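Input: a single structure, listed below in structure tokens.
By convention in this document, chain letters (A, B, ...) are assigned in the order of the sequence lines, proteins followed by strands, and residues within each chain are numbered from 1. Quick caveat: nothing in here was measured; it's all calculated off a predicted structure. Computed from heavy atoms alone, side chains included, the values below leave out hydrogens, waters and symmetry copies.
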2 protein chains.
Amino acid sequence: MGSKDRILRLKEETRINILDASLDIVKEEGWQSLSMRKIADKIEYTAPIIYEYFANKEAILMELTRKGFLLLAKDMKEAKEKHRLPAKQIEAMWLAYWNFAFTQKELYQVMFGVDVNCCELAEIMPEAEVPFTLVTEVIQEIMAPQKPSEDDICVKYYTYWSVIHGLISINMVRRTTPDEINREILKTAISGITRSLSA
Amino acid sequence: MGSKDRILRLKEETRINILDASLDIVKEEGWQSLSMRKIADKIEYTAPIIYEYFANKEAILMELTRKGFLLLAKDMKEAKEKHRLPAKQIEAMWLAYWNFAFTQKELYQVMFGVDVNCCELAEIMPEAEVPFTLVTEVIQEIMAPQKPSEDDICVKYYTYWSVIHGLISINMVRRTTPDEINREILKTAISGITRSLSA
DNA sequence: TACCTTTGCTTAACACTGTTAAATAAATTT
DNA sequence: AAATTTATTTAACAGTGTTAAGCAAAGGTA
């Protein structure tokens, strides 16, 4: 009896519908306003039936991160296969990673726990600029002989910041890296960038 | 009449109490479970009086990020003043930044929108490891002449990842950096790390 | 055909959340 | 002592995730 198959296929379909609806809502209104009732509305059911497909809301997010990792892996793999030189492969893969983060912004957010906070923090909170000025003063000092533009200094600051903040974030969402390794990454990264200032 | 002053002082005190209680709760149970009623419980009031001190919950979080930035700035300033050499100053400041992130973990989280997700993602989700293996394979290939240890390769991978993920996070929580600057940071950072592989 | 059982789905409810308005108790001023 | 202002609470609204109970339609069995 093929009707069993048809029913199973329908079940698999609404499972996918739930995931699609969730991602749609997130793309329209952000992660904050994703609710079980809204998902149910979109798939034209009521909230409780979602629990026949997923244990809870967390399970939906988990499945979306899984889908995200699969997509990311696919993109990176394809980028890699477009090149032969190892150095080019690495660059292509990380550029694919970068592009994925912004074309699949919502997936990236749930995968790596990045909030989409307020936008113009520096404008409504001057205190947030102090660390920036503290560091850029010194960068300016070191780079003085080369007469750098404001943008040059900005680039250097964000290079420092991104590597450090990135390392911190990674360690916060999953503290898997041993501390000695972190210290080594941190120190060599900082001194590497610092060297690049007077180059 | 000094009673007015005393009352104002008391008001300021419960304002501080609200902030302290909030941070305490977060340290004990995480950002997710911070609620107005829990704060009220801790300061031995009921929830609505909090709204006489803060417009809403968001305002409390904002004030905590402000406090966070002040503390971070103080730490970095002190670190800077301990050195005379610019390069040393920069290293000291970023190390202070690093230390702040972990000693004041909860403040850092609300300041930069870092979620505290599940811990052992790779164990319950093998897909999450594919990007890692994809890249480390190539790193291994490039570094082969130096016969690197697993840790050596790990360090390089996390160096790549942290700078890229950091740059992405920064751009997601506040998209203030122009796109050309991002591209420049990204490209030079990647090629810089790649060069360091065969050094 | 009539009954029974299973399935699919909804309604109702619980315990929370942030937030606001109304009611009440306490303190101050007149 | 009465009136008014201030401080605080209770009650309520609309929303959240989640579970249990109820119903209605479909399937199988006699």
Considering only D:dT16, D:dT19, C:dT19, which nucleotide approaches the side chain of A:Ser35 most closely? D:dT16

Tell me which pairs pass side-chain hydrogen bond (donor to acceptor under 3.5 Å, both in side chains) where either residue lies in residues 15-24 of chain A, with sequence neighbours left out. none

Starting at atom OH of B:Tyr53, determine the distance to atom P of D:dT8, rounded to an integer number of angstrom. 6 Å

Integer-rounded Å distance: C:dG18 C1' and B:Glu58 CD: 12 Å

Under a 4.0 Å threshold between the charged nitrogen and the carboxylate oxygen, would B:Glu63 count as salt-bridged to B:Arg66? yes

From CG of B:Asn56 over to C1' of D:dG15, roughly how many Å is that when rounded to an integer? 16 Å

Protein-nucleotides 25-27 of chain C N/O pairs under 3.5 Å:
none

Residues two or more places apart in sequence or in another chain: which of them pass side-chain hydrogen bond (donor to acceptor under 3.5 Å, both in side chains) with A:Ser35? none

Result block: side-chain N/O donor-acceptor pairs under 3.5 angstrom for residues 83-94 of chain A, not counting sequence neighbours:
from	atom 1	to	atom 2	distance (Å)
A:His83	ND1	A:Ala79	O	3.4
A:Gln89	NE2	A:His83	O	3.1

Which residue pairs pass the side-chain hydrogen bond (donor to acceptor under 3.5 Å, both in side chains) test when at least one of the two sits in residues 140-150 of chain B, sequence neighbours left out? B:Ser149-B:Asp152

Using the salt bridge (charged side-chain N to carboxylate O under 4.0 Å, His left out) criterion, which residues pair with A:Lys38? Sequence neighbours excluded. A:Glu29

Would you please name every residue forming a salt bridge (charged side-chain N to carboxylate O under 4.0 Å, His left out) with B:Lys80, sequence neighbours left out? A:Glu137

Applying salt bridge (charged side-chain N to carboxylate O under 4.0 Å, His left out), which residue pairs with at least one partner in residues 181-199 of chain A are found, sequence neighbours left out? none

Residues 47-54 of chain A side chain polar contacts: donor-acceptor under 3.5 Å, at least two apart:
from	atom 1	to	atom 2	distance (Å)
A:Tyr53	OH	A:Thr14	OG1	2.9

Taking only the side-chain heavy atoms of B:Lys57 (C-beta and beyond), determine which of D:dT8, C:dG18, D:dA20 contains the nearest atom. C:dG18

Taking DNA chain C as the partner, which of residues 36-47 of chain A come within under 4.0 angstrom of it by heavy atom? A:Arg37, A:Tyr45, A:Thr46

With ring centroids as reference points, do A:Tyr108 and A:Tyr97 lie under 6.0 angstrom apart? yes

Tell me the interatomic distance from A:Ile50, atom CD1, to D:dT19, atom P, rounded to whole angstroms. 13 Å

For A:Leu10 and C:dT7, give me the distance from atom CG to atom P, rounded to whole Å. 16 Å

Between D:dT19, C:dC9, D:dT9, which nucleotide has the shortest distance from any of its atoms to the side chain of A:Glu52? C:dC9

Results of salt bridge (charged side-chain N to carboxylate O under 4.0 Å, His left out) for A:Lys42 - residues two or more places apart only: A:Glu28

How bent is the helix from C:dT1-D:dA30 to C:dT30-D:dA1, comparing axes over its five end pairs at each side, to the nearest 10°? 30°

Would you mind reading off the distance between B:Ile49 atom CD1 and C:dT24 atom P, rounded to a whole angstrom? 21 Å

Can you check the B:Lys11 NZ to D:dT6 P distance for me, whole Å? 10 Å

NA contact type, A:Leu34, heavy-atom cut-off 4.0 Å: base, sugar-phosphate, or nothing? sugar-phosphate

